[in-house]
A.B. asks: 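Here it is, the structure in full.
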2 protein chains.
Amino acid sequence: MAKRATVADVAALAKVSSATVSNVIGNRSGKVSTRTRQRVLEAISALNYTYNENAATLRSNKSNIIGLVIHDLSNPYYTELIAKINRQLAKKGYATILACSDENLESQQSYLHLMQRHNALAVLLCPTWDTSGEHLAAWHDLSPTITFLRPVGSHESDFIGIDNYQAAYDLTRQLIADGHRQLAFIGGSQSSRLRRQRLQGWKDAHEDAGISWNDAHILYCSSSMSAGSAAVMQLFQQTSDVTALVCYQDIVAFGAMNALHYMGKTVGGEIAVTGFDGLSDAEGWLPSLTTAEVQIAVLAEHIVDRLLARLEKPQEPPSVTLLHAHIHWRASSHGDVDSSHAR
Amino acid sequence: MAKRATVADVAALAKVSSATVSNVIGNRSGKVSTRTRQRVLEAISALNYTYNENAATLRSNKSNIIGLVIHDLSNPYYTELIAKINRQLAKKGYATILACSDENLESQQSYLHLMQRHNALAVLLCPTWDTSGEHLAAWHDLSPTITFLRPVGSHESDFIGIDNYQAAYDLTRQLIADGHRQLAFIGGSQSSRLRRQRLQGWKDAHEDAGISWNDAHILYCSSSMSAGSAAVMQLFQQTSDVTALVCYQDIVAFGAMNALHYMGKTVGGEIAVTGFDGLSDAEGWLPSLTTAEVQIAVLAEHIVDRLLARLEKPQEPPSVTLLHAHIHWRASSHGDVDSSHAR
DNA sequence: TTGTATGCGTTATCAG
DNA sequence: CTGATAACGCATACAA
């Protein structure tokens with residue numbers, strides 16, 4: 001294992017100073033002549049030189065590391081999002097340190113600490129539910145935090161989220177307009193703020209239509225297909241008059257549809273099902289799933305853009321962005337419709 | 001944004017030398033008296049000192065970063081695995097830089113380069129299919145590579161994988177023993193070596209039982225539920241005599257079952273379905289899915305153990321580990337059985 | 001047990 | 001445009 005070549009080695013071979021080599025590497029414009037740059041590049045390749053990020057970060061106090069801390073890696077929505085963010089950052093030359101808090105605040109804080117130790121330029125955070133403003137304030141001075149999807153109360157930081165209330169309201173209103181009178185709301189956990197927003201939209205759509213809901217039709221379940229199945233099986237053991245299921249997430253909706261099929265009920269005709277997320281599998285599901293989508297690519301783009309803007313102007317006041325979901329009306333919520341046209 | 005405190009600052013406040021502070025931080029046993037350590041720890045907390053990994057890595061030439069490069073982040077099997085590996089490494093004090101190659105060799109190589117620039121201690125790699133030994137050799141000298149799940153031809157590196165052939169063989173043999181004569185094999189891509197292994201097991205089980213298979217019943221599809229649905233819809237448009245589906249992955253099996261339900265066929269009784277992976281959703285699916293499982297936690301543990309062993313003894317010859325899958329026989333492959341007993 | 005001195009590989013400063 | 005030199009924060013060999 002031969003020692004790695006250093007800037008000094010390259011400089012020696014190219015017969016220039018190490019400062020010049022550094023300028024070539026850093027691509028600092030107008031600092032070095034074309035001829036010299038050429039010689040340096042040749043030397044770099046001849047020596048198989050590898051840049052040392054640690055030394056550079058130490059000296060310049062600017063790393064190329066972005067921390068990405070998330071609470072859940074088992075939900076495809078998040079993993080697709082991570083993949084997209086990761087790719088966009090890599091394209092800009094940043095490396096991502098990933099951490100998963102597993103909905104554990106202590107673990108999240110320890111990961112945030114880790115990011116600081118590595119001089120992370122910034123941290124992208126989808127926080128645990130019990131995260132409060134004070135938990136972030138400590139880090140925010142050192143590297144800016146951008147939160148997404150889950151808002152943190154009482155803290156001034158950039159936030160990119162989704163207009164959950166409106167999407168749930170629109171979904172529910174349309175189902176009611178379609179004639180449904182007994183609707184269920186399936187999924188989410190008690191501590192979830194997102195769930196509260198979506199559920200509020202569901203309730204308000206009821207109220208505005210002048211119909212009442214049944215609290216027994218509001219069920220919690222964890223974020224998995226089997227949990228969705230189980231919840232729906234339970235629901236129909238108690239009641240049989242529900243005709244529409246508004247699911248908290250697409251994966252819960254998949255599980256719900258699985259349970260309905262299993263019980264011999266026809267999804268789309270007999271019982272309407274809607275999801276939330278716009279997973280790519282929603283369209284190819286049988287029947288295809290009506291869902292409220294904020295394209296993951298769009299969300300990722302907003303997050304990365306906000307990050308870059310924040311790095312440019314650290315002092316600007318934080319901004320809050322709410323992305324509007326597009327509802328894809330598909331067969332799962334209407335017997336014979338199978339298009340993405342908004343109605 | 002106040003400047004971060006350094007070892008020197010801590011040393012000054014605690015009235016000791018920087019070397020002593022370093023020893024306290026590094027927890028080097030027996031190097032510092034309890035009284036002094038106490039003073040140093042107080043100073044650290046008083047100054048809100050944060051360790052600088054970059055400086056430490058530069059000086060000692062030993063980072064705490066493990067690279068994790070994977071080809072796919074949309075498959076829950078991989079993301080669950082990543083989450084587990086991540087957690088275990090964090091517990092040992094390592095940070096993980098995650099990268100997703102998206103099955104693109106060039107992108108993978110650029111990420112491996114990134115890991116080197118950060119002085120990654122080691123790299124855990126699930127390589128793209130077109131990765132060959134030479135692609136890894138260049139990095140392997142600097143930081144050892146441990147490959148998993150997908151073998152790389154012609155390269156001597158540590159490898160942790162699954163005995164795919166045997167599991168597929170066992171699954172298929174049992175289905176044949178159950179009386180099935182027309183079996184299909186669904187899923188995987190043409191370039192996949194894993195697929196070849198599993199398919200070979202499927203074929204050999206046929207041969208050993210003295211029955212023949214139909215090449216039209218061997219279908220490719222990508223790794224998603226909807227792709228599985230589509231493949232099965234297509235299969236049954238051509239033929240109707242297939243009674244058992246051996247699916248390449250659990251998610252493909254989920255999609256397949258969705259399609260079967262949709263066509264009004266009874267899974268378990270009329271048509272048997274088996275998966276591969278042992279996703280947690282497999283058990284809660286309706287009907288529950290027969291699958292060949294290597295517990296993700298166990299796999300993660302093997303990978304991390306191998307990594308630690310490699311860091312201990314860099315010169316040991318590389319080792320290849322094949323984990324044996326356990327087959328959970330569940331309702332999807334047998335009308336009324338719903339247990340995990342091997343038969 | 002504690003302190004002193006040096007260097008890791010890079011970038012920043014300033015002089016030529 | 002190029003070069004000499006210092007400094008980033010820490011770990012380590014060695015001296016005390």
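Keep in mind it's a predicted model, so treat the numbers as computed, not measured. We name chains A, B, ... by the order of the sequence lines, and we start the count at 1 in each one.
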A.B. asks: Mind checking side chain to side chain donor-acceptor pair (under 3.5 Å) for B:Y78 and listing every partner two or more places apart, or none if nothing turns up?
C.D. replies: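 Scan of B:Y78 (side chain to side chain donor-acceptor pair (under 3.5 Å), adjacent residues dropped) gives B:H71.
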A.B. asks: Output all residues satisfying ring-ring contact (aromatic ring centres under 6.0 Å, His included) with A:H302, sequence neighbours left out; order by chain, then residue number.
C.D. replies: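 For A:H302, no residue satisfies ring-ring contact (aromatic ring centres under 6.0 Å, His included) once neighbours in sequence are set aside.
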A.B. asks: Among all residues two or more places apart in sequence or in another chain, which pass the side chain to side chain contact (heavy atoms under 4.5 Å, CB included) test with B:T79?
C.D. replies: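 Residues passing side chain to side chain contact (heavy atoms under 4.5 Å, CB included) with B:T79: A:T79, B:L73, B:P76.
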A.B. asks: Can you list, pair by pair, the side-chain donor-acceptor contacts under 3.5 Å of residues 12-24 of chain B, counting residues two or more places apart and other chains?
C.D. replies:
| residue | atom | partner | partner atom | Å |
| --- | --- | --- | --- | --- |
| B:S17 | OG | B:A19 | N | 3.4 |
| B:S17 | OG | B:T20 | N | 3.3 |
| B:S17 | OG | B:T20 | OG1 | 3.3 |
| B:S22 | OG | B:R28 | NH2 | 3.3 |
| B:N23 | OD1 | B:R28 | NE | 2.9 |
| B:N23 | ND2 | B:A19 | O | 3.4 |

A.B. asks: Pick the closest DNA chain D nucleotide for B:R28 and for A:T34 by heavy atoms, then say which residue is nearer the 5' end.
C.D. replies: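 Whichever sits nearer the 5' end wins; that is A:T34.
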A.B. asks: For the helix from C:dT1-D:dA16 to C:dG16-D:dC1, what angle lies between the axis at the first five pairs and the axis at the last five pairs, to 10 degrees?
C.D. replies: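 Axis angle across the helix from C:dT1-D:dA16 to C:dG16-D:dC1, nearest 10°: 30°.
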A.B. asks: Could you pick out which residue, A:K31 or A:V21, lies toward the 5' side of DNA chain C when each is mapped onto its nearest nucleotide?
C.D. replies: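 It is A:V21, whose closest nucleotide lies nearer the 5' terminus.
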A.B. asks: Between A:R306 and A:S319, does any side-chain donor sit less than 3.5 Å from a side-chain acceptor?
C.D. replies: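 Side chains of A:R306 and A:S319: pair found under 3.5 Å.
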A.B. asks: Looking across every strand, which nucleic acid part, if any, lies under 4.0 Å from B:T57 by heavy atom: base, sugar-phosphate, or nothing?
C.D. replies: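 If one applies the 4.0 Å heavy-atom cut-off, B:T57 turns out to touch nothing in the nucleic acid.
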A.B. asks: Any chance you could list the contact pattern along nucleotides 5-10 of chain D? Use B for base contacts, S for sugar-phosphate-only contacts and - for none, protein heavy atoms under 4.0 Å, 5' to 3'.
C.D. replies: -BBBBB
A.B. asks: Restricting to side chain to side chain contact (heavy atoms under 4.5 Å, CB included), what partner residues turn up for B:V320, sequence neighbours left out?
C.D. replies: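 Once residues adjacent in sequence are excluded, the partners of B:V320 under the side chain to side chain contact (heavy atoms under 4.5 Å, CB included) criterion are B:F159.
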A.B. asks: Taking side chain to side chain donor-acceptor pair (under 3.5 Å) as the test, write out the residues that go with B:N61, two or more places apart.
C.D. replies: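 B:N61: no side chain to side chain donor-acceptor pair (under 3.5 Å) contacts found.
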A.B. asks: Would you grab the first and last nucleotide of DNA chain C (5' to 3') that comes under 4.0 Å of any non-hydrogen atom in chain B?
C.D. replies: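 Counting from the 5' end, contacts occupy C:dT1 to C:dG9.
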A.B. asks: In chain order, what residues pass the side chain to side chain contact (heavy atoms under 4.5 Å, CB included) check against A:S223, with sequence neighbours excluded?
C.D. replies: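 With neighbours one apart ignored, the set is A:N75, A:Q249, A:I251.
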A.B. asks: Once salt bridge (charged side-chain N to carboxylate O under 4.0 Å, His left out) is applied, what residue pairs with a partner in residues 87-112 of chain B remain, sequence neighbours excluded?
C.D. replies: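 Found A:R87-B:D102, A:D102-B:R87, B:E103-B:R150.
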A.B. asks: Could I get the full list of side chain to side chain contact (heavy atoms under 4.5 Å, CB included) partners for B:T96, not counting sequence neighbours?
C.D. replies: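 Scan of B:T96 (side chain to side chain contact (heavy atoms under 4.5 Å, CB included), adjacent residues dropped) gives B:L68, B:N86, B:L89.
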A.B. asks: Hey, does A:K62 reach any base, or is it just sugar-phosphate, or nothing, if we go heavy atoms under 4.0 Å?
C.D. replies: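 Nothing, no nucleic acid heavy atom in range.
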